[in-house]
Peer 1: 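Take a look at this one; I'll ask things after.
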Amino acid sequence: GNKSAVATHQWTVDITAPLTIVVGSMTGRDSLDLIISSNEANVNFECSMDGAPYQPCGPSVSYSNLSGGEHIFRARAIDQAGNVDSIGGS
């Protein structure tokens, strides 16, 4: 009889969350520029300022006219498999 070729398929299951790195500098008395990166390529970022809900953001974030006092910025990376950095960068 006829024999068909053996079909194979190989894949990788990614269960490792990416790491988020945030580097920032004050660019004025009330302005801040931040650069966000990750140890993985092709990730999406979400950012939060002062406890606001996370929103999609790019790898470069700037804030101006910040009010006096303490501010907390957080960012997290989400990889193509949907793994989210649970610690995030700040």
Side-chain angles (χ1 to χ4, degrees):
N2 294 334
K3 292 185 178 181
S4 62
V6 175
T8 62
H9 183 76
Q10 183 176 347
W11 66 91
T12 301
V13 177
D14 178 0
I15 58 170
T16 304
L19 297 175
T20 308
I21 300 119
V22 177
V23 177
S25 64
M26 294 299 293
T27 56
R29 206 177 111 231
D30 61 356
S31 300
L32 176 66
D33 287 343
L34 299 153
I35 303 296
I36 308 162
S37 60
S38 176
N39 66 324
E40 289 189 25
N42 302 315
V43 297
N44 292 310
F45 296 110
E46 292 183 338
C47 298
S48 168
M49 179 61 112
D50 294 335
Y54 279 96
Q55 298 291 324
C57 63
S60 176
V61 178
S62 295
Y63 291 94
S64 59
N65 299 317
L66 292 168
S67 62
E70 182 176 289
H71 297 279
I72 298 174
F73 174 83
R74 297 194 188 282
R76 61 186 181 191
I78 303 168
D79 68 16
Q80 296 298 306
N83 298 310
V84 178
D85 182 355
S86 61
I87 299 169
S90 57

Peer 1: Without swapping roles, check the side chain of Asn39 against the backbone of Leu19 for a donor-acceptor pair under 3.5 Å.
Peer 2: yes
Peer 1: Just verifying a value: how many Å separate Leu34 CG and Ser37 OG, rounded to the nearest 0.5 Å?
Peer 2: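 Going from the CG atom of Leu34 to the OG atom of Ser37 covers 11.5 Å.
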Peer 1: Does any donor atom in the side chain of Asp33 or Ser62 lie under 3.5 Å from an acceptor atom in the other side chain?
Peer 2: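 A pair is found: one side chain offers a donor N or O, the other an acceptor, under 3.5 Å apart.
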Peer 1: Whether the side chain of Ser38 engages the backbone of Thr20 through a donor-acceptor N/O pair (distance < 3.5 Å, no angle test) should be reported.
Peer 2: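 No, because the side chain of Ser38 does not come within donor-acceptor range (under 3.5 Å) of the backbone of Thr20.
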Peer 1: Could you state the interatomic distance from CD1 (Ile78) to CG (Asn44), rounded to the nearest 0.5 Å?
Peer 2: 6.5 Å
Peer 1: Consider only side-chain heavy atoms of I, L, V, M, F, W and Y, link residues closer than 4.5 Å, and tell whether Val22 and Leu32 are in one cluster.
Peer 2: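 Yes.
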Peer 1: Going hydrophobic residue to hydrophobic residue with side-chain gaps under 4.5 angstrom, can you get from Met26 over to Val61?
Peer 2: yes
Peer 1: Distance from Gln80 atom CD to Asp14 atom CG, nearest 0.5 Å?
Peer 2: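 Spacing of CD (Gln80) from CG (Asp14) equals 10.0 Å.
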Peer 1: Enter the distance from Ser64:OG to Asp30:CG here, rounded to the nearest 0.5 Å.
Peer 2: 7.0 Å
Peer 1: Can you list the steps and then say if Arg74 with Tyr54 is a side chain to side chain contact (heavy atoms under 4.5 Å, CB included)?
Peer 2: CA-CA 8 Å; Arg74 297 194 188 282; Tyr54 279 96; 3.4 Å; yes
Peer 1: Could you name each residue pair satisfying salt bridge (Lys or Arg N to Asp or Glu O under 4.0 Å) that touches residues 76-90, not counting sequence neighbours?
Peer 2: Glu46-Arg76
Peer 1: Around atom CD1 of Ile87, are there more than 12 heavy atoms from other residues, nucleotides or ligands closer than 6.0 Å?
Peer 2: no
Peer 1: How about Pro18 and Asn83: do any of their side-chain heavy atoms sit closer than 4.5 Å?
Peer 2: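 Contact flag for Pro18/Asn83 side chains = yes.
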Peer 1: Consider only side-chain heavy atoms of I, L, V, M, F, W and Y, link residues closer than 4.5 Å, and tell whether Phe45 and Phe73 are in one cluster.
Peer 2: yes
Peer 1: Does anything in residues 47-56 pair up under salt bridge (Lys or Arg N to Asp or Glu O under 4.0 Å), and if so which pairs, sequence neighbours excluded?
Peer 2: none
Peer 1: Give the C-alpha distance, both sets of side-chain angles, the deciding distance and a yes or no for side chain to side chain contact (heavy atoms under 4.5 Å, CB included) between Ile36 and Ser60.
Peer 2: CA-CA 6 Å; Ile36 308 162; Ser60 176; over 6 Å; no
Peer 1: At what distance, to the nearest 0.5 angstrom, does CD1 of Ile72 lie from OG of Ser48?
Peer 2: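 One gets 9.0 Å once the value is rounded to the nearest 0.5 Å.
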